[in-house]
Protein chains: 2
Amino acid sequence: MDQLFRHLKNFYHLTDEAREALAECFTKHVLPKNEYLISQGRVCRHLYFLEQGCLRGYYNLDDKEITHWFGFENDFVTSFHSFITEVPAVENIQLMEGCVLWAITKERLTALFNDHHDIERLVRIAYEKYYIRLEERFVNAQFRTASERYLQLMEQSPHLLDRVPLGYIAAYLGISQETLSRIRSKL
Amino acid sequence: MDQLFRHLKNFYHLTDEAREALAECFTKHVLPKNEYLISQGRVCRHLYFLEQGCLRGYYNLDDKEITHWFGFENDFVTSFHSFITEVPAVENIQLMEGCVLWAITKERLTALFNDHHDIERLVRIAYEKYYIRLEERFVNAQFRTASERYLQLMEQSPHLLDRVPLGYIAAYLGISQETLSRIRSKL
DNA sequence: GGCTTTATTTGACAACAGTCAAATAGCGAT
DNA sequence: ATCGCTATTTGACTGTTGTCAAATAAAGCC
């Protein structure tokens, strides 16, 4: 759990009391490769911190699995829409490796917000960073070419290829696997 | 200012004290069409609430203006990345009509967070809704065709065409103006 | 109203990306 | 090492979208 708290310092420094209260609410989960963390049609009631391993979020569109997101060490993971609105998830989250995760329920998190202003602040600040990250990805997705996006992704995460099949990366970039293969052959 | 507080109730119900403190921090701005709210290269220190009118966010890419966002009545407006990170904005926000806005500085908002837990909560909840909205737009942008996106946009905001030039809408959808024109001619 | 400027549509063509099908490469298991 | 399965690449073809240029329509101004 040290790793989680070290990571939280990137957002905001909690008081000791808040940290202790938070520590009480997280439970550790160790799950094998290919397991599902979230399945479409079910309400997602947990927020996960990914300590070790990697996973993907995907949904089904016209019989195809569209991988739209990857999670790695130190990422927070949930079906955000479902977690917030308490509506059944439209996506699946599947482990691409065996993972170590820390989970907290929405009920517990909400209770912590009431008791600890600084936990709510930390989350507010975390949302800001996640929002900016999504905004950048959105702009790239819409206004850059496929090969620009691929090259940028390789710069940002050169380790990606070692852990994620190309087909998933192609979906993530919003292109077909064949197109990605051709982009790669021309480098 | 009534309209602002009515709108805030969609996120969270503030105490009277918080509402009064907040009211003290907003200043009214009435600006004419074509005016700039935010210009690239300058740090954006304000968050705006758009009471009346509409505006667009755009940035320059290869000599072209890419309109990536519209704001209408009851939207919060800022260059979010610049506002949060205090780095110069990469985008411009220009009024497409004469507008009535309410502005608050980042300093004042931060101070309010310290004094009023419930204001920080309101913002935390607002972030959640804005995040989900962006996520939906992202998924549509990447995994739907241009005409699907156009039709969906027309369903969601049928009023858009009356207030926004087609060229801006095309950029917003991530397609050329000519392509949008051809999509429209086939309906 | 007539003139100027801007917005929108249309046409022709080239570039890009998708699809389907087949070939090859890589990997795990025995 | 070999077999079998999966991942990745390649080829041929099609369809969509972008670009450039020109035509038409609409809006603003005197």
Side-chain angles (χ1 to χ4, degrees), chain A residues 32-35 54-56 58-68 70 94-98 139-154 158-187, chain B residues 32-35 54-56 58-68 70 94-98 139-154 158-187:
Chain A
K33 180 170 172 169
N34 294 328
E35 190 87 350
C54 66
L55 39 75
R56 70 180 181 121
Y58 73 89
Y59 58 93
N60 296 298
L61 182 69
D62 310 332
D63 298 344
K64 279 192 294 196
E65 289 184 0
I66 310 280
T67 295
H68 62 103
F70 300 121
Q94 185 185 28
L95 310 198
M96 294 191 296
E97 300 174 355
V139 167
N140 283 331
Q142 195 155 28
F143 303 117
R144 298 279 171 190
T145 67
S147 31
E148 283 173 333
R149 278 177 280 148
Y150 175 70
L151 288 170
Q152 194 183 338
L153 185 66
M154 288 307 99
H159 61 89
L160 204 65
L161 284 176
D162 305 331
R163 305 176 74 181
V164 181
L166 274 180
Y168 294 169
I169 295 178
Y172 176 85
L173 292 170
I175 58 180
S176 71
Q177 178 163 226
E178 293 92 331
T179 298
L180 177 56
S181 180
R182 289 183 177 106
I183 287 170
R184 282 159 54 79
S185 72
K186 283 182 194 137
L187 293 186
Chain B
K33 180 169 172 168
N34 294 326
E35 189 85 351
C54 67
L55 38 75
R56 68 181 183 121
Y58 74 88
Y59 59 91
N60 295 297
L61 183 71
D62 311 331
D63 299 346
K64 281 192 292 195
E65 289 183 0
I66 309 282
T67 296
H68 63 103
F70 300 121
Q94 184 183 30
L95 310 199
M96 295 191 294
E97 299 175 355
V139 167
N140 284 330
Q142 196 156 27
F143 303 116
R144 297 282 172 191
T145 66
S147 33
E148 283 173 334
R149 279 178 279 148
Y150 176 71
L151 288 170
Q152 194 182 339
L153 185 65
M154 287 307 99
H159 60 89
L160 204 65
L161 283 175
D162 306 330
R163 303 176 75 181
V164 181
L166 274 180
Y168 294 168
I169 295 178
Y172 177 85
L173 293 170
I175 58 179
S176 70
Q177 178 163 238
E178 293 91 330
T179 299
L180 177 55
S181 180
R182 291 187 176 102
I183 288 169
R184 284 160 53 79
S185 73
K186 284 182 194 137
L187 294 184

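Chain identifiers are assigned alphabetically (A, B, ...) following the order of the sequence lines, protein sequences preceding nucleic acid strands; residue numbering begins at 1 within each chain.
At the phosphate of C:dC16, neither OP1 nor OP2 sits under 4.0 Å from any side-chain N or O atom of A:K186. Residue A:R184 has no polar side-chain atom (N or O) positioned under 4.0 Å from OP1 or OP2 of D:dT8. Phosphate contact (OP1/OP2 of D:dG18, side-chain N/O of B:T179, threshold under 4.0 Å): present. The side chain of B:K64 contributes an N or O atom lying less than 4.0 Å from OP1 or OP2 of D:dT19.
Summarising the geometry, the separation between CD1 on B:I183 and P on D:dT16 is reported as 11 Å, rounded to the nearest angstrom. Regarding B:L166, its CG atom lies at a distance of 14 Å from the C1' atom of D:dA27, rounded to whole Å. In this structure, the CD atom of B:Q177 is 8 Å from the P atom of C:dT9, given to the nearest Å. A:D162 has its CG atom 17 Å from the P atom of D:dA7, to the nearest Å.
We find the OG-CZ distance between A:S147 and A:R182 to be 13.5 Å, quoted to the nearest 0.5 Å.
Judged purely by atom type and a 3.5 angstrom limit, A:R56 has no side-chain atom pairing as donor or acceptor with the backbone of A:M96.
With A:H68 as the partner, the ring pair (Phe, Tyr, Trp, His ring centres under 6.0 Å) test is satisfied by one option alone out of A:Y168, A:Y59, A:Y58: A:Y59.
Using a 4.0 Å heavy-atom distance criterion, A:L180 is classed as making no nucleic acid contact. Within the 4.0 angstrom heavy-atom criterion, only backbone atoms of the sugar-phosphate kind lie near A:S185; the bases stay farther away.
Checked against C:dG18, C:dC20, D:dT19, the side chain of A:E178 finds its nearest nucleotide in C:dC20. If you check D:dT19, C:dC20, C:dT8 against the side chain of B:S176, the one that comes closest is D:dT19.
Side-chain atoms of A:R182 stay outside donor-acceptor range of the base of C:dG18, with no qualifying N/O pair under 3.5 Å.
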